[in-house]
Trainee: 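The following block contains the structure, expressed as structure tokens.
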Amino acid sequence: MKETMTIPKDTLLSLYRTMVRIRRCEEQLARSYAAGTITGACHTYVGEEAVATGVCAHLRDDDAVFSTHRGHGHALAKGVPPRELVAELFGRATGCSGGRGGSMHLFSPEVGMMGTSGIVGPCILQATGAGYSFQLKETDQVGVAFFGDGAVSNGAFHEGLNMATIWDLPVLFVCENNMYATEVAFKDSARNTDVAGRAAGYGLHAEAVDGNDVVAVYEAASAAVARARQGGGPSLIECRTYRTRPHAEGMRDGGYRSQQEIDSWKARDPITAFSRRVVDDGAVTAADLQTIDDAIVAEITEAVAFATDSPWPDPATVADHIYGGVAS
Amino acid sequence: MKETMTIPKDTLLSLYRTMVRIRRCEEQLARSYAAGTITGACHTYVGEEAVATGVCAHLRDDDAVFSTHRGHGHALAKGVPPRELVAELFGRATGCSGGRGGSMHLFSPEVGMMGTSGIVGPCILQATGAGYSFQLKETDQVGVAFFGDGAVSNGAFHEGLNMATIWDLPVLFVCENNMYATEVAFKDSARNTDVAGRAAGYGLHAEAVDGNDVVAVYEAASAAVARARQGGGPSLIECRTYRTRPHAEGMRDGGYRSQQEIDSWKARDPITAFSRRVVDDGAVTAADLQTIDDAIVAEITEAVAFATDSPWPDPATVADHIYGGVAS
Amino acid sequence: MSEREISYTEAAREALTAAMERDPTIFVLGEGIGERGGNFNTTLGLYERFGPRRLRDTPICERGFVGLCTGAAMTGTRPVVDFMFIDFILDSVGELTNQIAKIQYMSGGRLKMPVLLRGCVGIGGGAATHHSGSYYPLFLNVPGFRVVVPTTPYDAKGLMSTALRSDDPVLFLEHKSLLNVRGPVPEEEYQIPFGQAQVCRQGTTVTVVAIGPLVPKSLAACDTLAAEGISVEVIDPRTLAPLDLDTILTSVRKTGRLLVADESFGPCGVGAEIAAQVMAQGFDDLAAPVRRLNGVHTPTPYSPPLEAAVVPSMDQVAAAVRDLAAE
Amino acid sequence: MSEREISYTEAAREALTAAMERDPTIFVLGEGIGERGGNFNTTLGLYERFGPRRLRDTPICERGFVGLCTGAAMTGTRPVVDFMFIDFILDSVGELTNQIAKIQYMSGGRLKMPVLLRGCVGIGGGAATHHSGSYYPLFLNVPGFRVVVPTTPYDAKGLMSTALRSDDPVLFLEHKSLLNVRGPVPEEEYQIPFGQAQVCRQGTTVTVVAIGPLVPKSLAACDTLAAEGISVEVIDPRTLAPLDLDTILTSVRKTGRLLVADESFGPCGVGAEIAAQVMAQGFDDLAAPVRRLNGVHTPTPYSPPLEAAVVPSMDQVAAAVRDLAAE
Ligand SMILES: Cc1ncc(C[n+]2csc(CCOP(=O)(O)OP(=O)(O)O)c2C)c(N)n1
Ligand SMILES: Cc1ncc(C[n+]2csc(CCOP(=O)(O)OP(=O)(O)O)c2C)c(N)n1
Ligand SMILES: [Mg+2]
Ligand SMILES: [Mg+2]
């Protein structure tokens, strides 16, 4: 676990808040799924919170994030309020996608959450495209793709990294290497599982970090985002992490992986490790963290109430917005 | 240029014969194109003859070759008679694809020429699939893909190499790096143009050779094919070479590349270099080569006559063979 | 027919198992189809029996492994791609359209293309827009494919068995809502030929050609309609390519009225094709225009009330039949 | 209208040039569309004017750059993909169907998707099976696309101009045989709205809805047919999505007979959809069934006599019209 003393207290607390927000929200969604309140798939981010948190801490609302089936954490870290996420999974009109999307289609362009995708791969290309826009428009915005180890063996990885590199686009590729794609182990999908090493082969900046160490992610992302903003081109950060719940709610957890492996990663929980560390370092107090914990509990409780009380979308609107029409 | 003395005289003559056959046949096709006898596209292999020749020298009829838009050389090296190639480009019923294919769709499964493709990429995957068949059936056959530098930035390269590697398939990937895809330079399509180096990143055997040196190609392919036959898994050979004619007949040659560059590669002509070398080495005599030259001239003359005299396909057959039906 | 009842998925799996026993060149590719036995249990228990080479878990590279199957089929094996959700097929449309569909033709029949492509289609359960597609019109438009849409366990087994003997590429499309439906299925192997529709119920007033889940919905509407004096003939084409037009025309000769009920999209869809063919060959038999009932032409929304609004219901079938009977 | 005559390709390029002058967020991606000016001269001279960022030569990764365009369109630029041959679009069907077509909808209209996808379609010149496709039925079946098939230089310019102002994804499909056709084109910018068919010739006996190159072929058949006493009305829909059904229905009300002539495949094709819609809305106007004339449902062969055998000819149009008039 990296040193925390160089990071301002506010930032440390903010990192903590985001991680706890994701965790509590995910736990709630898992309960709601079990209760039948969520009808579609629900892939939680539990265990991986440090990644989205460490990266999105450097992003502005006008930076564009593109994500995956496992996108709740990215959405929350990018600034989607929990109530809009919960309402979306509850299928309500107040959800961030108006109930049209559910877990795998989260859209909040207002805060730069440009969508999660139920198909593996496209987010890599779309972030590259956002980078293309930003370079063409000569802004200092950044496109960011989050994706799993499963996407590494997909053609989109190859084509996206290559285009971002040759055109020096302001893009950050964040690979969440949690060692499995559904129940298929990454080591069975690739002979060489060193994602950062392979990415470097394209000619971009690439490094691997401990994805359960929010400070490590934060620092790597800091450099990468700054480089992108300054015209220094794309980077890839491989975050080695683990999901401690099943691939999706309702699925089995073991079988393809040992209980021992799961337990060993639970022991490296990113939130526990970080809170122990910042308190030990004397950067913050246990009371500071407790205040946040309490606020988040209240926030999630409110989010569920909000979602529960929200109206269903009107079936009469079901075919709206397929087309945008001609621009003026 | 590599030593030739370790290679039997018969083999040297056979390598020479294949290269000259390709060259003379291509020159003929270029003339026929200019004369309007060939209606579709025609991408010649002039300058790259050493690659197909050196690789296919190790292949049996039951090894499976998959190729590209620039596939005449592969077809001839794999054993398609020139008359069937010429007839195909002339659109005749006697062509290797019955006139249905033309230059970019050459099928001769009888000699293991499993098709050329007008679409960049698929041959890589199909050769991998042939490897899958051969492994499953526990034969010692090999699947071979020829493809250009242009295919390296395509997702098929990434997905195909990866699958062949993780499953240890008997496949040989031959990248013909001629530095351009149409008029786009490889260095503008990839920051890292070291194809062999990048391939090694997948975990397979990979090496780069002088693609204008038939002996170098021959030796690299010898090891790779033997490895594949023995269950040692896939290999990639990057052959650095150059096409000395335009991308396709009828297109401009310069503009995107300098005359000086073209001339410098013409000076390294694979046939001239090889014939000088084998004679210098004392492995064969100039008269041996002349005998072959004469035979090839006769062969190509006969091929054109055959094609010219061949019947057109019957339009009544135009919709035959779309379906094969249910196997018994 | 045996009285034993098993599920649609079990029935298809029985056919696959028998074929794999018989033919060592059959292998299955997909994500989680090995030890895990498939997201929908399509290969449950087969890994233990046939091992990793014949039940091969893949990386997430749909284009890649469809391309691999192309080359495999050309060299004497019979690949089965288990896409899980058929939506994942879309990254491989280039391989399908330009390679798989064309190679028998381009090689003048010297190469065969026995590739079976299977996956779960359709809307339901909040699967949302990336896991709810059907796509069969594409595979009808492109020459070279066989397209199979079984609706009963009996048909799932018999058509799967035929598909696994076919030398042509076959799309085997299993609607979500049918996977767990149970019905009588013989234990032994049998084949149902492609291109033979099933008349599921005889009637005289209106013909309904129903696709996939619209078959049970249409059948469910029949009794009410019968009570109203509307006698419905329900036809399940079972395969869309080849299409058994004769059975449809014979029915229309009797009823003079045809509804094509299909969850998938209307424009350039199956209903359009059937309507055009029936008009072309049975114009004088038609007492009213051929009508189409389709899912709403929109991406599939997630929220339950929105999802319900895009799928044709039994009530909508009944209403469409009533309207047609009254025309 | 100006008397100046330019080619179809030049006309489309004029619209593109004017739009790029006006709107700095437009950029073009493709292989050889930079300095080279495009395989079909679609971007000739533009690189010198707008530079490499706006005329971007790509690696051969169609899926990748279509995905890139998706993200670009979502973030405020207007990508144009120049596929050269539209066949190369197929590797990107996943990005098109699941992303480009759906994002406006999924975002409830908060994101726009102004992506223009252009390329050369159709059969001719021995291009053979990987360079001869049309594919528009796919993009009609999937909700979310605009599909444009101009036939004249005038329309190519006006429709390209509209396409470059559209917030929706547009397929702009240019038939090989039309690229060098010349015709009168005004110098100034103008837009032709999507969804407005053109009645190219008025007639009273038979209506022919012709797509792309079938428009000139149908027009060429008219005089002979007129001499035989058959008065043909020829309609060019110009855009297939949206489709101007009203113009077609109005014509059928007059003629009672409709032929849809289209080089692309019949099954689940444009003709099927038009036939089904015309039957549904104009059944009583029809004196005979709607007929379809399509290219042969086969991969495209290379050899000249085979190629000629799969493409609908002027004579076949005339014959089909004659048969229809006699029904
Ligand atoms: C193209 C495609 N193929 C298959 C799937 C089914 N699928 C959903 S998630 C998943 C595994 C993804 O693994 P990874 O990318 O490592 O992400 P993780 O779930 O581990 O976060 C698969 C195969 C899909 N969504 N898209
Ligand atoms: C998927 C696809 N995109 C574009 C093309 C058009 N095209 C034909 S050949 C070619 C260049 C291929 O370059 P390379 O792979 O290096 O082979 P070379 O021609 O140099 O032998 C291109 C872009 C194509 N055939 N397929
Ligand atoms: Mg993973
Ligand atoms: Mg090249």
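Just so it is clear: chains get the letters A, B, ... in the order the sequence lines come, proteins before strands, and each one is counted from 1.
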Trainee: Can we call the ring centroids of A:Tyr45 and A:His72 under 6.0 Å apart?
Mentor: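 Ring centroids of A:Tyr45 and A:His72 are no less than 6.0 Å from each other.
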Trainee: Run the salt-bridge test on A:Arg243 and A:Glu176 with the 4.0 Å N-O cut-off and return the result as yes or no.
Mentor: no
Trainee: So, for C:Phe83 and C:Phe40, is the gap between ring centers shorter than 6.0 Å?
Mentor: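 Here the rings of C:Phe40 and C:Phe83 have centres that are no less than 6.0 Å from each other.
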Trainee: Please round to the nearest 0.5 Å and tell me the distance separating atom OH of A:Tyr180 and atom NE2 of A:His247.
Mentor: 14.0 Å
Trainee: Do the rings of A:Phe146 and A:His74 sit parallel, tilted or perpendicular, given the 30° and 60° boundaries?
Mentor: parallel
Trainee: Name the member of C:Val296, C:Ile60, C:Thr298 that forms the most heavy-atom pairs with chain A at distances under 4.5 Å.
Mentor: C:Ile60
Trainee: Could you tell me which of A:Ala181, A:Ala190, A:Ala319, A:Gly150 has the largest number of non-hydrogen atom pairs under 4.5 Å with chain C?
Mentor: A:Gly150
Trainee: What residue, out of A:Ser153, A:Ala316, A:Pro313, has the most heavy-atom pairs lying under 4.5 Å from chain C?
Mentor: A:Pro313
Trainee: In terms of heavy-atom pairs under 4.5 Å with chain C, which of A:Leu89, A:Asp320, A:Ile38 leads?
Mentor: A:Leu89
Trainee: A:Ala41, A:Gly101, A:Gly121: which one forms the most heavy-atom pairs within less than 4.5 Å of chain C?
Mentor: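 Top count of heavy-atom pairs under 4.5 Å with chain C: A:Gly101.
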Trainee: Most heavy-atom pairs under 4.5 angstrom with chain A, which of C:Pro304, C:Cys61, C:Gly34, C:Pro305?
Mentor: C:Pro305
Trainee: Please identify, among A:Ser103, A:Pro315, A:Ser189, A:Gly95, the residue contributing the most non-hydrogen atom pairs under 4.5 Å to chain C.
Mentor: A:Ser189
Trainee: Looking only at side-chain N and O atoms, does C:Ser264 offer a donor or acceptor that is under 3.5 Å from a partner on C:Ser134?
Mentor: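 Per modelled atom types, C:Ser134 and C:Ser264 side chains form no pair under 3.5 Å.
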Trainee: Between C:Arg56 and C:Asp82, does any side-chain N to carboxylate O distance fall below 4.0 Å?
Mentor: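 No, C:Arg56 and C:Asp82 are not salt-bridged.
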Trainee: Heavy-atom distance under 4.5 Å to chain C: side chain of A:Val184, backbone, both or neither?
Mentor: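 Contact with chain C: side chain only.
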Trainee: Checking A:Ile119 against chain C: side chain, backbone, both or neither under 4.5 Å from a heavy atom?
Mentor: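 Both backbone and side chain of A:Ile119 come within 4.5 Å of chain C.
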Trainee: Counting only heavy atoms closer than 4.5 Å, note whether A:Ser117 contacts chain C via side chain, backbone, both or neither.
Mentor: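 Looking at A:Ser117, backbone and side chain both touch chain C.
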